[in-house]
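What follows is a short report on a single structure.
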Amino acid sequence: MRSIAIITARGGSQRIPKKNIKLFCGKPIISYSIKAALDSELFDEVMVSTDSEEIASVAKDCGAKVPFMRSEATSDDYATTADVLNEVLAEYQKRGRDFDWMCCIYPTAPFVTGEKLVKAWEYLNKNSADALTPVVKFSYPPQRCFVLDGSYLRYKWPEYMRSRSQDLEPYYHDVGQFYFLKVSKFLDGTLNQTVPLIMDELEVQDIDNLHDWEIAEIKYKMLQKKEKLNVESCGYRTG
């Protein structure tokens with residue numbers, strides 16, 4: 001079973017300059033994704049797809065491979081993640097290397113760990129699925145959302161106006177951290193069986209601007225403190 005971790009790290013970031021290598025809690029943020037992939041020991045190859053020589057240099061220093069640079073066609077604002085993944089797989093195929101599975105990991109995903117990737121991989125295989133996507137539950141039921149009607153608010157779905165939150169079906173959204181994909185199914189467009197890895201809100205944060213970045217660092221430090229307390233607690237009980 002051959003597998004590859006593909007970390008997608010384009011150089012052009014307008015809202016947060018040099019976002020993919022900006023220091024997050026003292027380390028380049030991309031280093032967390034690379035470390036998670038390496039620590040998991042799931043992959044035959046851990047590579048970074050980038051159009052930036054500076055990002056490539058940081059990625060190599062962190063232990064990832066950058067066997068080729070991303071093309072101009074997949075480096076603009078309109079290129080999708082799927083475009084990048086297709087390009088990477090095609091380039092490896094030219095070099096005589098094919099993979100059965102791939103894991104796309106975003107470069108600004110400091111909450112991803114090797115342990116989490118292993119957990120996701122085990123769950124994916126247990127369910128014999130084609131793909132896995134980490135998700136988190138919406139913190140407030142979307143069924144009770146408002147929309148603007150001119151200058152006034154109205155319920156989008158008035159039939160849920162008096163429903164209790166706990167009685168409404170939970171909705172989930174993609175957390176934008178990583179995806180496991182069966183390569184053959186991805187290439188022929190038949191990824192029909194995707195299972196979720198349900199995440200805690202504390203482990204999830206979109207990072208689109210500097211305010212998001214600050215919140216992500218706060219959450220990360222809270223998680224680190226929580227893990228330290230758990231370790232110390234276990235040590236006390238067993239000692």
Is it the case that the side chain of [X] and the backbone of [Y] share a donor-acceptor pair, with hydrogens and angles ignored and the cut-off at 3.5 Å?
X	Y	result
D174	V135	no
D51	R70	no
D76	A79	yes
D206	D208	no
D61	V58	no
R15	N209	no
S57	E53	no

Find out if a path of hydrophobic residues (ILVMFWY) with successive side-chain heavy-atom gaps under 4.5 Å connects [X] to [Y].
X	Y	answer
M1	L181	no
F178	V48	yes
I105	I34	yes
F43	L197	yes
M69	I21	yes

Would you please test Y106 and T81 for side chain to side chain contact (heavy atoms under 4.5 Å, CB included) and show each step?
CA-CA 10 Å; Y106 288 123; T81 299; 3.2 Å; yes

Ion pair present between K119 and E115, side-chain N to carboxylate O less than 4.0 angstrom?
no

With the threshold set at 4.0 Å, does a side-chain nitrogen-carboxylate oxygen contact exist between E45 and K65?
yes

For the [atom1] atom of [X] and the [atom2] atom of [Y], what is their distance to the nearest 0.5 Å?
X	Y	atom1	atom2	value
I30	T50	CD1	OG1	7.0 Å
S40	W121	OG	CH2	10.5 Å
I4	D98	CD1	CG	10.5 Å

Partners meeting side chain to side chain donor-acceptor pair (under 3.5 Å) with D77 (sequence neighbours left out):
R10

So with a 6.0 Å cut-off around [atom1] of [X], is the heavy-atom count from everything else above 12?
X	atom1	answer
E41	CD	no
K35	NZ	no
R97	CZ	yes

Looking only at non-hydrogen atoms, find the nearest pair between [X] and [Y] and report the distance.
X	Y	result
A216	Q205	CB-CG, 3.7 Å
S128	Q193	O-OE1, 3.8 Å
L117	C103	CD2-SG, 4.1 Å
D39	G114	CB-CA, 4.2 Å
A9	I55	O-CD1, 3.6 Å
A131	L191	CB-CD2, 4.2 Å

Could you work out the complete set of other residues in the hydrophobic cluster of L23, with links drawn between I, L, V, M, F, W and Y side chains under 4.5 Å apart?
none

Apart from Y32 itself, residues in the same hydrophobic cluster as defined by side-chain heavy atoms under 4.5 Å
I16, F24, I29, F111, L202, I207, L210, W213, I218, Y220, M222, L223

Using a 4.5 Å cut-off on heavy atoms from C-beta on, say whether the side chain of [Y] contacts that of [X].
X	Y	answer
H173	V136	yes
N20	S13	no
K182	L124	no
L42	W101	no
S33	V112	no
D100	V183	no
Q177	V204	yes
V175	E203	no

Could you pull out all donor-acceptor pairs under 3.5 Å where a side-chain atom in residues 137-163 meets a protein atom, sequence neighbours excluded?
residue: Q143; atom: NE2; partner: E169; partner atom: O; Å: 2.9
residue: R144; atom: NH1; partner: S163; partner atom: O; Å: 3.3

Y92: ring-ring contact (aromatic ring centres under 6.0 Å, His included) partners, not counting sequence neighbours:
F68, F99

In chain order, what residues pass the ring-ring contact (aromatic ring centres under 6.0 Å, His included) check against Y172, with sequence neighbours excluded?
none

Side-chain donor-acceptor contact under 3.5 Å, Y179 with T194
no

Could you walk me through whether E91 and R95 pass salt bridge (charged side-chain N to carboxylate O under 4.0 Å, His left out), step by step?
CA-CA 7 Å; E91 287 295 328; R95 292 161 170 74; 3.0 Å; yes

Begin from the C-alpha positions of S49 and E87 and carry the test side chain to side chain donor-acceptor pair (under 3.5 Å) through to its verdict.
CA-CA 9 Å; S49 169; E87 179 178 76; 4.9 Å; no

